[in-house]
Protein chains: 2
Amino acid sequence: MPLSTADRSVLEPAIRRLSALRPLSAEARSSLEYSMLEGLQRAGSGEDLITEGDRVDGVRILLSGWLGRYKTLDDGRRQIVNFVFPGESCDAHAYLLSEMDHSIVALTPVVYAEIKRTRFESLLANNPTLSEAFWCETLLNNAIQREWAINLGRRVALERVAHLFCEIFERLRPVGLVDGHSCLMPVTQMDLADATGLSVVHLNRTLQELRAAKLIVLRERTLTIPDLDALKNAALYSPSYLGIYRATEAVR
Amino acid sequence: MPLSTADRSVLEPAIRRLSALRPLSAEARSSLEYSMLEGLQRAGSGEDLITEGDRVDGVRILLSGWLGRYKTLDDGRRQIVNFVFPGESCDAHAYLLSEMDHSIVALTPVVYAEIKRTRFESLLANNPTLSEAFWCETLLNNAIQREWAINLGRRVALERVAHLFCEIFERLRPVGLVDGHSCLMPVTQMDLADATGLSVVHLNRTLQELRAAKLIVLRERTLTIPDLDALKNAALYSPSYLGIYRATEAVR
DNA sequence: CGTACACTTGAGAAATTTCAAATATAGTGG
DNA sequence: CCACTATATTTGAAATTTCTCAAGTGTACG
């Protein structure tokens, strides 16, 4: 469903994030803003934005809420293979491949901008700097996906959940969604379980362990990390995969 | 160490694979060949081609042997997050990010072509079709990486190893490295364990299970899959993530 | 021939899952 | 606003998977 009344401030996360990846010219920025404002959309929690096997015909840029990229096995097992946070896009360039290899679901109510393929392509053709920013995003995604592999393959439950929380913090920070030591945690424990490859029951117990160790406070849909370094320590966190964000952090 | 005598046939896997991703113009093909022939290199088994934290300054295209992309945790745990097979490139465009987020090791003796950044960039600039092929490769890598996430997060040991073998088959096929029902399996069980997130001991037992079920034959560094569909079944394999290869398969 | 490395086996320990049920919490219609 | 219902979180206990440790057997290579 299209949004009618929209002021430009809803676009802020997208602009902020792309600028963090590559400095955008004023011109690139304004034509992007124009294209986004034309395609504002909402989706409700639980709604699939796109399903494995679909063909893609454009790009969506998330403006608020959380999305989950997921894959399922025939017997229903589900793995969230990545989150999409405000400012991040999904499917940029995906039309270069034949079809979607995964699905994307709204884990919360979301607002996003949809830009059709032809529009998007001309936007990139006219703004090399923008094109580079989107490609950078693809590369960054790749790096994040690799980190998820070691997270799922080699970290034990506690480290794994701790690591996810660290990553969420670092990815929300550049778009201004970390407030002091806290951020919103709007998803269910089931979602977190599917993202960490754990059962809900064990995820729940792991959260309690993290709470008992005073590494996190999690209540009323808010995650607080009193001491991020301590949590990173528990997670065996290594920062190199989000390297491109580091400049951003310094600027804060 | 540079290779001296080199005939053009060593380049075949690379040309074959890129052509599978995007049809290459004769011109693109020959300038790529020329650039590759100039930068032929070898590395011995166990040698790191590049290490996490390094800056990248070019692209390498693997011509023979297997590479492993891996990450490690401080206490030594290692996860191979992906393999690189002949014809695949590593680090294409990686110089757009600040530094390597992972390391790449030669799991066998390898031959590869190295193209320096400036050379590579002008190659892409002059051959849009080539540029698209390389970007396609990046997107495909992304899809593979997502599949690894569900493999590590949601498949049990037997399914996981079975799935890895199916994937290896499907990725080796387009470059002509599958011979009937067999392909080379030149890596150690330790490497396979690190790729599937299992301990060596458990990987070994899982292989025995697969053998007992007649799903694989594995001896003398050769993997035979008598009935690929049966193995895919056991792996809960879903083909959508290697979709772009499907045209290739049909052509065979 | 020896030494290092790769593979295999056994057995107990640990992590994680499953099943089942109890308690919260949130959303909905009256 | 409340009662009702569905969903989300939490708890207990047993079953299962996977890991660790330790040792034995092969195999390749100098």
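As the structure is a computational prediction, the values presented were derived from the model and not from experiment.
Contact annotation: the side chain of Tyr237(B) never approaches that of Leu231(B) to less than 4.5 Å [non-hydrogen atoms, C-beta and beyond]. A 4.5 Å side-chain heavy-atom check between Val187(A) and Trp66(A) finds at least one atom pair inside the cut-off. Counting only heavy atoms from C-beta outward, the side chains of Leu242(A) and Asp101(B) never approach each other to under 4.5 Å. Inter-residue side-chain proximity for Leu218(B) and Thr224(B) is flagged as unmet; no heavy-atom pair is nearer than 4.5 Å.
Counting to the nearest Å, the C1' atom of dT25(C) and the CZ atom of Arg219(A) are 16 Å from each other. To the nearest angstrom, P of dC7(C) lies 8 Å from CG of Leu192(B). Atom CG of Asp194(B) and atom C1' of dA6(C) are 14 Å apart (whole Å). Atoms CD (Gln189(A)) and P (dT23(C)) sit 18 Å apart, rounded to a whole Å. Summarising the geometry, the separation between CZ on Arg154(B) and P on dT17(D) is reported as 16 Å, rounded to the nearest angstrom. As a whole-Å value, the separation of Glu159(A) CD from dC19(D) P is 14 Å. The CZ-C1' distance, from Arg77(B) to dA15(C), rounds to 13 Å in whole Å. Nucleotide dT25(C) holds its P atom 18 Å from the CE atom of Met185(A), rounded to whole Å.
Contacts between residues 195-212 of chain B and DNA chain C, defined by a heavy-atom separation under 4.0 Å, are made by Val201(B), Asn204(B), Arg205(B), Gln208(B), Arg211(B).
When only modelled atom types and interatomic distance are considered, Ser240(A) and Glu52(B) share a side-chain donor-acceptor pair under 3.5 Å. Glu167(A) and Tyr241(A) form a side-chain donor-acceptor contact under 3.5 Å, judged by distance and modelled atom types alone. For the residue pair Glu147(A) / Asn151(A), no side-chain donor-acceptor distance below 3.5 Å is found, with atom types taken as modelled.
As judged by a 4.0 angstrom heavy-atom cut-off over every strand, Arg221(B) is placed among residues touching the sugar-phosphate backbone only.
Axis angle between the ends of the helix from dT8(C)-dA23(D) to dG30(C)-dC1(D), five pairs each and rounded to 10 degrees, works out to 50°.
The backbone N or O of Asp194(B) lies less than 3.5 Å from a partner atom in the side chain of Gln79(B), making a donor-acceptor pair. Distance alone, capped at 3.5 Å, is enough to place a donor-acceptor pair between the Arg160(A) side chain and the Thr196(A) backbone.
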